[in-house]
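Structure first, commentary second.
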Amino acid sequence: MALVLYNTATRRKEAFEPLEPGLVRLYVCGPTPYDYAHIGNARAFVAFDVLYRLLRARYGKVIYVRNITDVDDKINAAAREEGVGIDVVTARTIAAFHADMAALNVLPPTVEPRVTAHIAQIVAMIATLIAKGHAYLAEGHVLFHVPSMVDYGSLSGHSRDELIAGARIDVAPYKRDPGDFVLWKPSTPDLPGWDSPWGRGRPGWHIECSAMAETHLGLTIDIHGGGRDLVFPHHENERAQSLCAHGGVPFVRYWVHNGFVTVEGEKMSKSLGNFRTPNEVLRQAPGEAIRLALLAAHYRQPLDWTDDGLKAAKARLDNWYTALRLAEGVPAEAAEPGAFAAVLSDFARAMDDDLNTPMALGALDLLAGALNKATDRAQKAAFKAALVFGAGMIGLLNHAPEDWFKWQPPGVEGLDERAILDLIEQRLAARKAKDFARADAIRKQLADGGVLLEDKPGGRTEWKRAS
RNA sequence: GGCCGGGUAGCCAAGUGGUAAGGCGAGAGUCUGCAAAACUCUUAUUCGCGGGUUCGAUUCCCGCCCCGGCCUCCA
């Protein structure tokens, strides 16, 4: 079965094959570290993390490049406001970003290039574009000349005329064409800048991705990802730059874009102020639950972020961990590889179909149920293996069940473990003595402290924190 | 205004030209000293509305309504 991906460029699902067998080149637009990431940003990185894991499993080697745009006017503005250098702002924000990604179990990319380390490549690419007649100098700016490219607009489905007609911005007077966009812009002495043949300045928004993709992945990349809002203008312009600089050598074979996280039906965004950061949400639920909540809708669909959705994700993981806990002594391995593949086939099929995580999650639910119902040890082992493997493939079920059930929000100090175990001992003694009133009082006491008990056969009692 | 998406049970969310996965929630039962968990059963005669094509449409076509996004920094 082949992996099928929806390609924004063709607006249809296409079977995926890397250009070079056994090696996938993946580029995803990373953060601009001017401020903390929010759940909407995180969704993109979780979605592409799932893609990355799947590609690795299917094709072996993947070069995953996810850049950091550490040169940007919003960073300049933030730095100016604080009266510090841009590196202070970016260092702090990048550290927070990495912490957020780790909390959501997003794997680090193979390379995480920064714009500040690729100025030379950017300058070289701009020079090439000028030399080939695709860019021109005007009032200290270097601009990409859109009419110099025949099929500009084909990725986003916009014609140039439409774009001009719908333009809501004032067109800078020095542009030869209203659609022309900046490759290099002059910096005043108080702004970060680098020397170039066109004077001291800084790169425009789109050129850095073209240059970094070329540097780390070469002329043609297999998959380029990002949020839907990047299709235009960012990816359209990136494509124009790369194709023109490379003399028409194919740039991206599959364009993949994720949908937005909304809040009450509206796009989550900084400007609307309706955003939640991973850090805030981590006080409500473990990172794994946040990750699952982000995978509960198909990556191309909008996802409405709600507390209920997060709770449902946590409850679903509780189910899976409960199933694992019940099968504690059973090894997670199938007796024979064939059996393993068979029970996991629905999951694999769903993932292969354009990363249909909602359906894949459904398959895992069924596996958890099957694990609970299985009576035969070999069967249990196969279901357990399939559940753990499938969930692991999308970055879930990474904890030992006993640890999972001990989770409590950071900063919250519930009953300590010694006290809990001590009370459980006392309750067991009371039960043995048929003093059920006392036993129930202890249960109540623990419940008030957020600890729930489960009596198991054999006189054992397990506990978990309510959340 | 132009161009894209989407409208499926109380909520979330897949899906298919042949009669609606799964999760959360709710209800009943088995089990249990009581619980919890697990297991069993129930919870959309119906997929925004109106037409059309078809033996048959939620799924294809047309129109309409509503919601969101992009066209400007944005995952």
Side-chain angles (χ1 to χ4, degrees), chain A residues 8 11 28-32 34-35 37-48 69 72-74 77 153 156-159 161-170 179 205 225-234 236 257-262 264-272 275 292-293 295-304 306 308-320 322-323 325-326 346 350 353 356-366 368-369 371-373 431 434-437 439-440 443-444 447 452-457 461-464 466:
Chain A
T8 306
R11 303 214 181 119
V28 171
C29 287
T32 299
Y34 69 101
D35 195 4
H38 57 63
I39 292 293
N41 302 315
R43 182 195 193 182
F45 302 122
V46 168
F48 289 107
T69 304
D72 179 90
D73 285 349
K74 275 176 294 189
S156 57
H158 290 306
S159 76
D161 294 344
E162 280 167 6
L163 293 171
I164 295 165
R168 291 188 294 181
I169 48 163
D170 295 331
W205 177 29
R228 282 200 81 75
D229 50 356
L230 295 181
V231 176
F232 190 90
H234 186 239
E236 190 69 68
H257 294 98
N258 64 277
F260 298 119
V261 172
T262 61
E264 284 166 20
E266 263 189 331
K267 179 180 174 181
M268 182 182 283
S269 74
K270 290 279 165 61
S271 53
L272 288 169
F275 62 93
L292 176 54
L295 294 175
H298 182 88
Y299 78 90
R300 283 190 283 113
Q301 295 303 125
L303 173 81
D304 204 45
T306 62
D308 279 352
L310 182 59
K311 274 188 202 129
K314 169 70 163 59
R316 198 175 203 173
L317 282 166
D318 284 346
N319 286 161
W320 297 356
T322 300
R325 194 191 225 187
L326 284 169
D346 286 344
D353 183 12
N356 191 336
T357 52
M359 192 181 239
L361 259 17
L364 295 181
D365 290 325
L366 263 24
L371 173 56
N372 284 332
K373 273 172 273 194
R431 289 180 69 210
K434 303 272 188 227
D435 182 359
F436 294 121
D440 289 347
R443 183 207 293 283
K444 175 79 165 48
L452 303 178
L453 301 183
E454 289 177 30
D455 292 330
K456 295 291 172 185
T461 296
E462 286 182 343
W463 63 277
K464 64 182 177 190

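The figures here come from the full heavy-atom set of this structure, side chains too, leaving out hydrogens, waters and symmetry mates. A, B, ... follow the sequence lines: proteins, then strands. Residue 1 opens every chain.
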How about A:K267 and A:R228: do any of their side-chain heavy atoms sit closer than 4.5 Å?
no

Picking from B:rC71, B:rA36, B:rG22, which would you name as closest to the side chain of A:P233?
B:rC71

Using whole Å, what does the distance between atom P of nucleotide B:rU32 and atom CD of A:E462 come to?
18 Å

Specify the residue among A:E266 and A:F48 whose closest nucleotide of RNA chain B lies further upstream toward the 5′ end.
A:E266

Choosing from B:rA14, B:rG69, B:rC39, which nucleotide comes nearest the side chain of A:K373?
B:rC39

Pairwise P distance for B:rC65 and B:rG50, with rounding to whole Å
15 Å

Could you state the atom-to-atom distance from CG of A:D229 to P of B:rC70 in whole Å?
6 Å

Just call it for A:D365: base, sugar-phosphate, or nothing, with non-hydrogen atoms closer than 4.0 Å on any strand.
sugar-phosphate

Rounded to the nearest angstrom, tell me the gap between atom CG in A:D304 and atom P in B:rC11.
13 Å

Which part of the nucleic acid, if any, lies within reach of A:G40 when heavy atoms closer than 4.0 Å are counted: base, sugar-phosphate only, or nothing?
base

Using whole Å, report how far NZ of A:K270 lies from C1' of B:rA75.
10 Å

Hey, does A:F45 have a side-chain heavy atom less than 4.5 Å from the side chain of A:P31?
yes

Nucleotide opposite B:rU58 in a Watson-Crick or G-U pair, distances under 3.5 Å
none

Applying the Watson-Crick and G-U wobble criteria at under 3.5 Å, what pairs with B:rA14? Answer none if nothing qualifies.
none

B:rG1 - base-pair partner by Watson-Crick or wobble geometry, distances under 3.5 Å:
B:rC71

A:Q301 near the nucleic acid: base, sugar-phosphate alone, or nothing, with a heavy-atom cut-off under 4.0 Å?
sugar-phosphate

Evaluation steps, side chain to side chain contact (heavy atoms under 4.5 Å, CB included), between A:L292 and A:L361:
CA-CA 9 Å; A:L292 176 54; A:L361 259 17; 3.5 Å; yes

Taking any heavy-atom pair under 4.0 Å as a contact, classify A:G225: base, sugar-phosphate, or nothing.
nothing

May I ask which nucleotide in the shown strands pairs with B:rA9, Watson-Crick or G-U wobble, both distances under 3.5 Å?
none

Between B:rA14 and B:rC24, how far apart are the C1' atoms? Round to whole Å, please.
15 Å

I'd like to know if A:D440 reaches the base of B:rG33 with its side chain such that a donor and an acceptor end up less than 3.5 angstrom apart.
yes

Interatomic distance, A:D72 CG vs B:rA75 C1' [rounded to whole Å]
14 Å

Atom pair distance, as rounded to whole Å: CZ in A:R300 and P in B:rG7
12 Å

For A:N41 and A:F275, run side chain to side chain contact (heavy atoms under 4.5 Å, CB included): C-alpha distance rounded to whole Å, both residues' side-chain angles, the deciding distance at 0.1 Å, then the answer.
CA-CA 10 Å; A:N41 302 315; A:F275 62 93; over 6 Å; no

Just call it for A:L230: base, sugar-phosphate, or nothing, with non-hydrogen atoms closer than 4.0 Å on any strand.
sugar-phosphate

Please tell me if the side chains of A:Y299 and A:T357 come closer than 4.5 Å, counting only heavy atoms from C-beta onward.
no

Check every atom of B:rA36, B:rG69, B:rG22 against the side chain of A:K267 and return the nucleotide holding the closest atom.
B:rG69

Nearest-nucleotide comparison on RNA chain B, the residue closer to the 5′ end among A:T322 and A:K311
A:K311

Nearest listed nucleotide, side chain of A:F232, among B:rC71, B:rC24, B:rA75:
B:rC71

For A:N372 and B:rC39, is the shortest distance between a side-chain N/O and OP1 or OP2 below 4.0 Å?
yes

State whether A:D318 and A:K314 are salt-bridged, where the test is any N-O pair (Lys NZ or Arg NE/NH1/NH2 against Asp/Glu carboxylate O) under 4.0 Å.
yes

With both distances under 3.5 Å as the test, what is the Watson-Crick or G-U wobble partner of B:rG63?
B:rC49

Heavy atoms from C-beta onward define the side chain here; which of B:rA13, B:rA75, B:rG69 lies closest to that of A:P358?
B:rA13

Atom CD of A:E454 and atom P of B:rC34 are separated, to the nearest Å, by 17 Å

Pairwise C1' distance for B:rU19 and B:rG29, with rounding to whole Å
31 Å

B:rA21 and B:rU43, which share atom name P, separated by this distance in whole Å
12 Å

For B:rC31, give the paired nucleotide (Watson-Crick: N1-N3 plus N6-O4 or O6-N4; G-U: N1-O2 and O6-N3; both under 3.5 Å), or none.
none

At 4.0 Å (heavy atoms only), tell me whether A:D455 reaches a base, stays on the sugar-phosphate, or touches nothing.
base

Rounding to 0.5 Å, atoms CG (A:L317) and OG1 (A:T322) come to a distance of 10.0 Å

Taking the C1' atom in each of B:rA57 and B:rA75, what is the distance between them to the nearest angstrom?
36 Å

Please report the distance, rounded to the nearest Å, between CG in A:L453 and P in B:rA37.
12 Å

Using atom P in both nucleotides, what's the gap between B:rU58 and B:rA20 to the nearest angstrom?
11 Å

If I pick the P atom on B:rU46 and the same atom on B:rG51, what distance separates them, to the nearest angstrom?
16 Å

Is there a Watson-Crick or G-U wobble partner for B:rU43 with both distances under 3.5 Å, and which nucleotide is it?
B:rG25

Hey, does A:V261 reach any base, or is it just sugar-phosphate, or nothing, if we go heavy atoms under 4.0 Å?
base

Kindly point out which of B:rG33, B:rA36, B:rA38 is positioned nearest to the side chain of A:A439?
B:rG33

Considering only atom C1', compute the distance from B:rG15 to B:rU8 and round it to an integer number of Å.
10 Å

A:R443, nearest nucleotide to its side chain (from B:rG22, B:rA35, B:rA75)
B:rA35

Winner on side-chain proximity to A:N319, out of B:rC24, B:rA35, B:rC39, is B:rC24

What do the steps show when you test A:R325 against A:K456 for side chain to side chain contact (heavy atoms under 4.5 Å, CB included), and what is the final call?
CA-CA 12 Å; A:R325 194 191 225 187; A:K456 295 291 172 185; 5.7 Å; no

Any idea which of B:rG69, B:rA14, B:rG23 is nearest the A:A297 side chain?
B:rA14

Look at all strands and tell whether A:L364 reaches a base, only sugar-phosphate, or nothing, counting heavy atoms closer than 4.0 Å.
nothing

Among B:rC34, B:rG69, B:rA38, the nucleotide that comes nearest once only the side chain of A:R431 is considered:
B:rC34

May I ask you to say what A:H234 touches in the nucleic acid, namely base, sugar-phosphate or nothing, with a heavy-atom cut-off under 4.0 Å?
nothing

Are any of the side-chain heavy atoms of A:K434 and A:F436 separated by less than 4.5 Å?
yes

